[in-house]
2 protein chains.
Amino acid sequence: MAQKEISSAVIERLPRYYRYLDELLEEGVERISSAELSRRMQVTASQIRQDLNHFGGFGQQGYGYNVQSLYKEIGKILGLDRAQNMVIIGGGRLGQALANYVRFEKRGFRVIGIFDRNPDLVGNRVRQCEIQYVGQLEQFLRTHEVEIAALTIPRDEAEEVARLLVNNGIHALWNFAHVDLDLLLPENIVIENVHLSESLMKLSCKLNKDRWLSEE
Amino acid sequence: MAQKEISSAVIERLPRYYRYLDELLEEGVERISSAELSRRMQVTASQIRQDLNHFGGFGQQGYGYNVQSLYKEIGKILGLDRAQNMVIIGGGRLGQALANYVRFEKRGFRVIGIFDRNPDLVGNRVRQCEIQYVGQLEQFLRTHEVEIAALTIPRDEAEEVARLLVNNGIHALWNFAHVDLDLLLPENIVIENVHLSESLMKLSCKLNKDRWLSEE
DNA sequence: TAGATTGTTAATCGATTAACAATC
DNA sequence: TAGATTGTTAATCGATTAACAATC
């Protein structure tokens, strides 16, 4: 329990390292130095070494890092070394897009249920999954082991559903609704937000920067 | 041209301010102090004042901020005070989800074209938009004023399409493909990435933290 | 062994918070 | 005017980068 807390800045970067290592693997590269990886990824070699060392000495002096084993280690840190079941609440196009995304499975994420409150959507199939009525969610959670719930529903419905999920043992929410669920739920719940409209606004902000910069 | 560069940390926070101000407007709140907003948003009042002052003195001593006018000002900074045309490349479920998202229109974003290379999708309608064959994209860009392109296509196709877009005058890319387009394109192109699988990995990382924390 | 490259400590840089004078 | 709250400067904190000794 040495609990040396890892900053979220570091965690943010891990998936990107993982992606580049994956590419290196595909290219058949066996070993890589922080300097070479630095060149590819456009981050400093220092940062790479610093980041990785939070989790252990994965490298070897004079050699660098073994691509295969580093890939595996980061995978472990990301929790990709085991299967994790996921449900999707909201069977609209976004929910379907997630359910349909093949790559997730490769990473150990299994969509085992999709739920919606709209009767018109219930019964539709997305890959191997049939959209179920949201009223059956609680019963489903009691009889299945679910780690993660994705919320692809409107913001007004998100809080209520989130509470139901949490009350039934879900610890991780992938939140696409425009609410700050972290302010509404117990602290121990892990939340990752994807706020698409805010992302688009950021893009627009950067694009329009010149307009207000010249004003001042 | 005083070009006092604004840090991306600040820009990251603007859409959230905007969202909270929107809520306050709906609640009919007329004015708000940084202290009160601080309580609601769970950030320091100091940060709020600091952030806003990058763009000008929107507040008034002894009074606070006028919700309506601050909302409008931030909207301007985010580029929401005018219409911006957008095309979506990739007519799959994710592309359709974006095209279908009503809220964007409220913010001035207009989806005026969706393109796909899959003939089965071509001709399908999403709201007022018909999916067109991607071969017609270049011609379309010549005859329409487009500010933003969303890329909801597989990573292998992203680079080529991005180049075509850039060569035809697009300056802003909303990138859902798992490539770092910024490393492949000219520096002046504005890019906002939404890497869904990396977002999911982050969630998983936080959820599985305990496993590797106890090991050390 | 000599060369290369890590792990780790120290220095720098930037962002966040605190404090307070200015002012509505 | 007195009270409240901003705008802004100064202090603190944390994250990034540089440097180098340890070591494969």
Side-chain angles (χ1 to χ4, degrees), chain A residues 2-14 16-17 20-21 24 29-74 77 202 205 212 215-216, chain B residues 2-14 16-17 20-21 24 29-74 77 202 205 212 215-216:
Chain A
Q3 286 281 52
K4 38 171 181 177
E5 197 57 52
I6 276 133
S7 87
S8 67
V10 175
I11 293 183
E12 292 278 313
R13 285 191 290 266
L14 289 179
R16 187 154 178 266
Y17 290 135
Y20 273 84
L21 288 165
L24 286 166
V29 178
E30 210 169 74
R31 71 191 184 93
I32 191 149
S33 67
S34 58
E36 173 58 19
L37 192 57
S38 148
R39 238 165 281 137
R40 289 209 181 213
M41 295 185 64
Q42 301 277 53
V43 295
T44 65
S46 209
Q47 179 162 78
I48 295 174
R49 295 204 298 279
Q50 193 79 274
D51 281 353
L52 297 179
N53 259 85
H54 281 112
F55 306 96
F58 299 141
Q60 198 172 46
Q61 281 97 333
Y63 171 87
Y65 299 86
N66 178 282
V67 176
Q68 176 96 59
S69 86
L70 184 56
Y71 178 75
K72 221 171 139 186
E73 290 292 348
I74 296 183
I77 296 164
K202 276 184 257 168
C205 183
W212 39 263
E215 272 176 43
E216 319 257 311
Chain B
Q3 287 281 50
K4 39 171 180 181
E5 196 57 51
I6 277 132
S7 86
S8 67
V10 175
I11 293 182
E12 291 278 312
R13 285 191 290 267
L14 289 179
R16 187 154 179 265
Y17 291 135
Y20 273 83
L21 288 165
L24 286 165
V29 178
E30 210 170 75
R31 70 192 186 93
I32 191 148
S33 67
S34 58
E36 173 58 19
L37 192 57
S38 150
R39 238 166 279 135
R40 289 210 181 211
M41 296 185 64
Q42 301 277 54
V43 294
T44 64
S46 211
Q47 181 162 76
I48 294 174
R49 294 204 298 280
Q50 193 79 274
D51 282 351
L52 297 179
N53 260 85
H54 282 112
F55 305 96
F58 298 142
Q60 197 170 48
Q61 282 97 331
Y63 170 89
Y65 300 86
N66 179 281
V67 176
Q68 175 95 58
S69 86
L70 184 57
Y71 178 75
K72 221 171 139 186
E73 289 292 347
I74 296 183
I77 296 165
K202 276 185 256 169
C205 182
W212 39 264
E215 272 176 43
E216 320 258 315

Would you be so kind as to tabulate the donor-acceptor pairs closer than 3.5 Å made by side chains of residues 67-74 of chain B, with sequence neighbours excluded?
{"from": "B:Tyr71", "atom 1": "OH", "to": "B:Tyr18", "atom 2": "OH", "distance (Å)": "3.3"}
{"from": "B:Tyr71", "atom 1": "OH", "to": "B:Arg107", "atom 2": "NH1", "distance (Å)": "3.2"}

Which parts of residues 59-66 of chain A get close to DNA chain C, meaning a heavy atom less than 4.0 angstrom away? A:Gly59, A:Gln60, A:Gln61, A:Gly62, A:Tyr63, A:Gly64, A:Tyr65
Across the strands shown, which category fits A:Ser46 at heavy-atom distances under 4.0 angstrom: base, sugar-phosphate, nothing? base
With sequence neighbours left out, the residues meeting side chain to side chain donor-acceptor pair (under 3.5 Å) with B:Ser33 are none
Nearest-nucleotide 5' precedence on DNA chain D, A:Ser7 against B:Leu52: B:Leu52
Set of side chain to side chain donor-acceptor pair (under 3.5 Å) partners for A:Arg40, sequence neighbours left out: A:Glu27
Can you list every salt bridge (charged side-chain N to carboxylate O under 4.0 Å, His left out) pair that touches residues 52-66 of chain B, not counting sequence neighbours? none
Scan the side chains in residues 41-50 of chain B for donor-acceptor partners under 3.5 Å anywhere in the protein, sequence neighbours excluded, and list what turns up.
{"from": "B:Thr44", "atom 1": "OG1", "to": "B:Gln47", "atom 2": "N", "distance (Å)": "3.1"}
{"from": "B:Arg49", "atom 1": "NH1", "to": "B:Ser34", "atom 2": "OG", "distance (Å)": "2.9"}

First and last nucleotide of DNA chain C touching chain A, 5' to 3', heavy-atom cut-off 4.0 Å? C:dA4 to C:dT9
Only counting residues at least two apart or in another chain, list the ones meeting ring-ring contact (aromatic ring centres under 6.0 Å, His included) with A:Tyr17. none
Near DNA chain C, under 4.0 Å by heavy atom, which residues of residues 35-43 of chain B? none
Nearest-0.5 Å distance that lies between atom CD1 in A:Ile77 and atom CG in A:Leu14: 6.0 Å
As a quick check of understanding, evaluate side chain to side chain contact (heavy atoms under 4.5 Å, CB included) for B:Tyr65 and B:Leu52, giving each step before the final call. CA-CA 10 Å; B:Tyr65 300 86; B:Leu52 297 179; 3.7 Å; yes
Scanning both residues in full, the closest heavy-atom pair of A:Leu37 with A:Tyr20 reads CD1-CB, 4.4 Å
Calculate, to the nearest 0.5 Å, the distance between atoms NE2 and OG belonging to A:His54 and A:Ser7 respectively. 6.0 Å
Taking all atoms of both residues into account, what is the closest heavy-atom pair of A:Phe55 and A:Val10, and its distance? CE1-CG1, 3.9 Å
Partners of B:Arg13 by salt bridge (Lys or Arg N to Asp or Glu O under 4.0 Å), sequence neighbours excluded? B:Asp51
Consecutive-pair stems (at least three Watson-Crick or G-U pairs, under 3.5 Å) that include DNA chain D: C:3-24 with D:3-24
For B:Glu36, what residues pass the side chain to side chain donor-acceptor pair (under 3.5 Å) criterion, not counting sequence neighbours? B:Arg39
